[in-house]
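Excluded from the calculations below are hydrogen atoms, water molecules and symmetry mates; all remaining heavy atoms, backbone and side chain alike, are included. A quick note: this is a predicted structure, and the numbers were derived from the prediction, not measured.
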Amino acid sequence: MNLLKIDENTTTTIGKVICDYPTNVVPEITTFAMEIRSLNHESGKKQLDHVIETLKKAADKFDAKLEYEVNQSLYAYYHEDDNRVIKRFKEMCKRHNLNYQGLVMRGGTDVSGLTFKGIVDDSYQPFFEELD
């Protein structure tokens, strides 16, 4: 199974393995949790397909039963500098003599969920009073 840095935008890590059996016993059940994180939805989906296919092949090889659950807690996004929210933020920075530097964030941010819900895009309408 491909793990760690998959490509420029995608990583896969196993964060937890639970096997509560004595060390001299082949366990009947082992569970684990892993994460696939990508800045590119298609790359993340491709890696997920790879992981599931690899696990299925291993289970079939050893006549084991595979049960898995997939959850998505974050969503990949990329905003161009002409995005309405970014443009407003850059204007505010300029008014207050602050430097603006766009960054790639590889961790979870509030913007991930907001973008997925359609809030931080060109159709974004503020739900608060304009603040200067």
Side-chain angles (χ1 to χ4, degrees):
M1 180 183 306
N2 298 329
L3 295 172
L4 303 176
K5 190 169 180 85
I6 306 306
D7 60 36
E8 180 181 321
N9 295 310
T10 309
T11 59
T12 302
T13 55
I14 297 174
K16 183 189 316 184
V17 177
I18 301 169
C19 182
D20 196 16
Y21 286 79
T23 56
N24 64 336
V25 175
V26 176
E28 182 179 336
I29 297 172
T30 300
T31 61
F32 67 96
M34 64 187 310
E35 177 183 76
I36 298 169
R37 187 177 287 212
S38 184
L39 295 173
N40 177 281
H41 179 78
E42 292 305 316
S43 179
K45 175 71 170 103
K46 181 179 174 184
Q47 177 62 7
L48 174 62
D49 292 344
H50 162 73
V51 166
I52 291 171
E53 185 61 31
T54 302
L55 292 171
K56 285 179 179 178
K57 284 181 183 178
D60 289 347
K61 180 178 179 178
F62 295 101
D63 198 28
K65 180 180 177 183
L66 172 66
E67 295 178 2
Y68 63 91
E69 180 180 316
V70 176
N71 297 301
Q72 185 167 352
S73 60
L74 299 171
Y75 304 89
Y77 64 90
Y78 178 81
H79 296 294
E80 299 286 346
D81 275 348
D82 65 353
N83 173 281
R84 182 178 172 168
V85 174
I86 293 175
K87 283 170 45 175
R88 289 179 64 197
F89 183 76
K90 287 168 68 174
E91 289 168 7
M92 185 277 307
C93 288
K94 186 175 180 180
R95 281 195 315 266
H96 296 283
N97 295 319
L98 299 171
N99 292 326
Y100 168 83
Q101 177 62 50
L103 298 173
V104 173
M105 300 301 298
R106 297 193 180 272
T109 68
D110 291 344
V111 177
S112 173
L114 294 172
T115 299
F116 180 72
K117 297 291 186 182
I119 295 171
V120 184
D121 63 16
D122 289 337
S123 64
Y124 171 77
Q125 296 295 317
F127 54 87
F128 55 89
E129 294 293 323
E130 292 288 328
L131 301 174
D132 285 331

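Residue T12 holds its OG1 atom at 7.5 Å from NE2 of H50, rounded to the nearest 0.5 Å. Taken from CG in N2 to OG1 in T54, the straight-line distance is 7.0 Å, to the nearest 0.5 Å. Note that CG of L4 and OG1 of T13 are 8.0 Å apart. Values are rounded to the nearest 0.5 Å. Atoms OG1 and CD, from T11 and E35 in turn, are 6.5 Å apart once rounded to the nearest 0.5 Å. Between I29 atom CD1 and I18 atom CD1 the span is 11.5 Å, to the nearest 0.5 Å. One finds the NZ atom of K94 at 8.5 Å from the CD atom of E91 (value rounded to the nearest 0.5 Å).
Side chain of E28 to backbone of Y21: no donor-acceptor contact under 3.5 angstrom is found.
V17 and V26 are members of different hydrophobic clusters when ILVMFWY side chains are connected at heavy-atom separations under 4.5 Å. Placement of I86 and L98 in two distinct hydrophobic clusters is found when ILVMFWY residues are connected by side-chain heavy-atom separations under 4.5 Å, directly or transitively.
The number of heavy atoms from other shown groups lying within 6.0 Å of OH (Y100) is above 12.
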Pair Y68, M34 - check side chain to side chain contact (heavy atoms under 4.5 Å, CB included), show working. CA-CA 11 Å; Y68 63 91; M34 64 187 310; over 6 Å; no

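Counting heavy atoms from C-beta outward, M1 and L55 have side chains that approach closer than 4.5 Å. Looking only at side-chain heavy atoms (C-beta outward), K90 and D81 come within less than 4.5 Å of each other. L3 is listed as a side-chain neighbour of I14, based on a closest heavy-atom distance under 4.5 Å.
With sequence neighbours excluded, the residues satisfying side-chain hydrogen bond (donor to acceptor under 3.5 Å, both in side chains) with E69 are N71. Residues passing the side-chain hydrogen bond (donor to acceptor under 3.5 Å, both in side chains) test with D49 are K45, sequence neighbours excluded. Applying the side-chain contact (heavy atoms from CB on, under 4.5 Å) test to S38 and every residue at least two apart in sequence or in another chain returns N9, T10, N40, S43.
Across every non-hydrogen atom of I36 and G44, the tightest pair is CG2-O, 3.9 Å.
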